[in-house]
Amino acid sequence: MIESLDGLAMVLQWEPMLFLIIGVVAGIIVGAIPGLTTTMSIALLLPFTFVLPPLNGMTLLLGIYFATVYSGSVPAILLRMPGTPASAATLLDGYPMTQQGKGGKALKISLIASVVGGLIGGVLLLFFAPTLAQYALKFGPGEFFMLSVFALALIASMSEGHMVKGLLSGLLGLLIATVGIDPIGGYPRFTFGSNSLLAGLGFIPVLIGLFGVAEALTRFEGAAKLKKAVPLSPGSYKLTGKEIRRLTPAALYSSFIGFIVGVLPGTGGDIGSFVAHNEVKRVSRDKSQFGRGDMRGVTAAEAANNASVPGSIAPTLVLGIPGNSAAAVLMGALTVHGLQPGPQLFTGSGDLVYAIFWALLIIPIVMLIVGLLGIRGWGQITRIPTRYLWPAILALSAVGAYAVRGTIVDVVVMVGAGMLGYVMIKNGFPPAPLVIGLIVGPLAEAGFRRATIIDSGGLGWMFEPIPLVLLILSVLTVIAALVRTRRIQLAAKGGDTPPPPLTADDLGQSDPSGDAQRAADESALR
């Protein structure tokens, strides 16, 4: 208790607070630029922290970590282009809200949900970090494989109504994930003799192309047909008391999910946000609007990915096992300052550890203040004419893709992914399952093969407690999706009007300014 209070006193001094604020502001700016990921941002600024005291350097990096995860939602909501991988699930409902003239409200929901998720994650970290980190150690290769299977089961759930296309999209993501070096055997696969593909197809260039470039192509096509594109209005930023009460359960539930997923080494906000989005949809009575502009979808994704930030810190500090790549860079920062993450860190530098915990509670509050000051400015992005906005977005996308590894191959991958995304949009294939397959594919493959090797070629590990529970949850998720799909089909046969399947047009992907704007433009042209 004394160490906890000492840690609070340390972080409230003016120097740590100054670097914390600088980190939040810098993180918001960087996270809103597609391609400049959280890990990259932390890694670029890491050398500057070497001359700082440990706490000042950590508050700077933690502020960047938190803020980039949040601000990645800004381009995801307004432009259908996630600023960071953790925001990929946010665009499922955030961008449709923009198409409906509710972009400002979506930005407000994203900010508040991010703050709630960060605060809940910070509280859980402060009180339960050692216990949760020890539990995470029980996750071996078999458990990670089943966790990946559960994530893949989301494909069936989020693709109900057109499950075949959703599953094909997910399988394509798994196929793309196999490019590169085999994780067990160490031999190249699908590289076609190119050394540039040995590290695989970069996830960030694929993500930028699949969403950003594909969206730009559909925008240009729509503008060419209409000769004129009317900029969208972000609409109102106000949330009513009724809307807040309706969103509160989703925010709380998703925060716990995001934190737990973040604790598991090797996972993070990108997986946690999809899991939370699916779980909130699963427990909701009215599921018809998820993926079409449901505020609960934005809330779930943003609360989960921000709660995963403190979650990833738990195994990093307590066990010396980084929760994800960003946490690995943070662990490197501690090591440079002569601090070894692990159980001994609590005994030798307990006050510093608790100062970091308190910083993770203060950062969301600072993020709320900075976010509220800038939110109306970000909403004006949608008012920029298409002929100016999207060429600039394409240029930034190319820069972001190149910056990942400094190779032109990533730019080519981005363009190829953009063309693939455009074809998928035109043919009604949802891109979200492809993203899930791309994220969990390597985790699933390595987990299955390692667990099987450990079990001497057997599959008995599947029936151990944790893998078995995850397997049952995966089966139930798929069955529930099949039942809902069957109900949709029966309703259609009975003459009722079921919720339409999630297509490109539902997301406004082939309409540069929404249906209402299209009608207005055509009328004006006539």
Query raised in the report: Leu434 pairs by side chain to side chain contact (heavy atoms under 4.5 Å, CB included) with which of Leu172, Leu168, Leu174, Leu171?
Result: Leu172
Requested in this report: Under the side-chain contact (heavy atoms from CB on, under 4.5 Å) rule, what do Phe145 and Leu470 come out as? Steps first, then yes or no, please.
Outcome: CA-CA 10 Å; Phe145 169 74; Leu470 290 171; over 6 Å; no
Query raised in the report: What is the minimum heavy-atom distance between Asp294 and Asp93, and which atoms define it?
Result: N-OD1, 2.9 Å
Requested in this report: Test Gln99 against Arg80 for side-chain contact (heavy atoms from CB on, under 4.5 Å), laying out the working first.
Outcome: CA-CA 10 Å; Gln99 293 295 98; Arg80 193 179 173 267; over 6 Å; no
Query raised in the report: Looking only at atom types and distance, does a side-chain atom of Ser308 sit under 3.5 Å from a main-chain N or O of Gly262, one as donor and one as acceptor?
Result: no
Query raised in the report: Can you find a heavy atom in the side chain of Ile109 that is under 4.5 Å from one in the side chain of Met97?
Result: yes
Requested in this report: Could you check if a side-chain atom of Leu247 sits within less than 4.5 angstrom of a side-chain atom of Arg296, using non-hydrogen atoms only?
Outcome: yes
Query raised in the report: Below 4.5 Å, heavy atoms only, C-beta onward: do Leu55 and Thr59 meet side chain to side chain?
Result: yes
Query - Side-chain heavy atoms of Val11 within contact of Phe357, under 4.5 Å - result: no
**Report entry** Pairs meeting criterion side-chain hydrogen bond (donor to acceptor under 3.5 Å, both in side chains) with involvement of residues 251-260, two or more places apart
**Finding:** Tyr253-Glu279
Query raised in the report: Which atom pair, heavy atoms only, marks the closest approach of Gly272 to Ala304?
Result: O-CB, 3.6 Å
Query - Exam field: side chain Ser273 to backbone Ala301, donor-acceptor pair closer than 3.5 Å - result: no
Query raised in the report: Do you know which two heavy atoms are closest between Val116 and Ala251, and how far apart they sit?
Result: CG1-CB, 4.2 Å
Query raised in the report: Under 6.0 Å between the ring centres of Phe259 and Phe256?
Result: no
Requested in this report: Mark yes or no for whether Thr98, through its side chain, and Ile77, through its backbone, hold a donor-acceptor pair below 3.5 Å.
Outcome: yes
Query raised in the report: Please walk me through it: do Leu210 and Met424 pass side-chain contact (heavy atoms from CB on, under 4.5 Å)?
Result: CA-CA 9 Å; Leu210 191 65; Met424 292 177 67; 4.1 Å; yes
Query raised in the report: Are a donor atom and an acceptor atom from the side chains of Thr90 and Tyr95 found within less than 3.5 Å of each other?
Result: no
Requested in this report: Measure the shortest side-chain to side-chain distance between Ile28 and Val370 over non-hydrogen atoms and say whether it is less than 4.5 angstrom.
Outcome: yes
Query - Side-chain donor or acceptor of Asn306 paired with backbone N/O of Glu302 under 3.5 Å - result: yes
**Report entry** Heavy-atom side-chain contact between His277 and Leu92 under 4.5 Å
**Finding:** yes
Query - Any Leu18 side-chain heavy atom under 4.5 Å of Asn56 side chain - result: no
Requested in this report: Ignoring hydrogens and angles, tell me if any N or O in the side chain of Ser114 forms a donor-acceptor pair with the backbone of Tyr70 under 3.5 Å.
Outcome: no
Query raised in the report: Between Tyr65 and Ile313, does a side-chain contact (heavy atoms from CB on, under 4.5 Å) hold up when you go through it step by step?
Result: CA-CA 11 Å; Tyr65 189 2; Ile313 299 297; 4.1 Å; yes
Query raised in the report: Taking only residues at least two apart or on different chains, which pairs with a member in residues 18-30 satisfy side-chain hydrogen bond (donor to acceptor under 3.5 Å, both in side chains)?
Result: none
Report task. Could you check if a side-chain atom of Thr299 sits within less than 4.5 angstrom of a side-chain atom of Thr248, using non-hydrogen atoms only? Result -> no
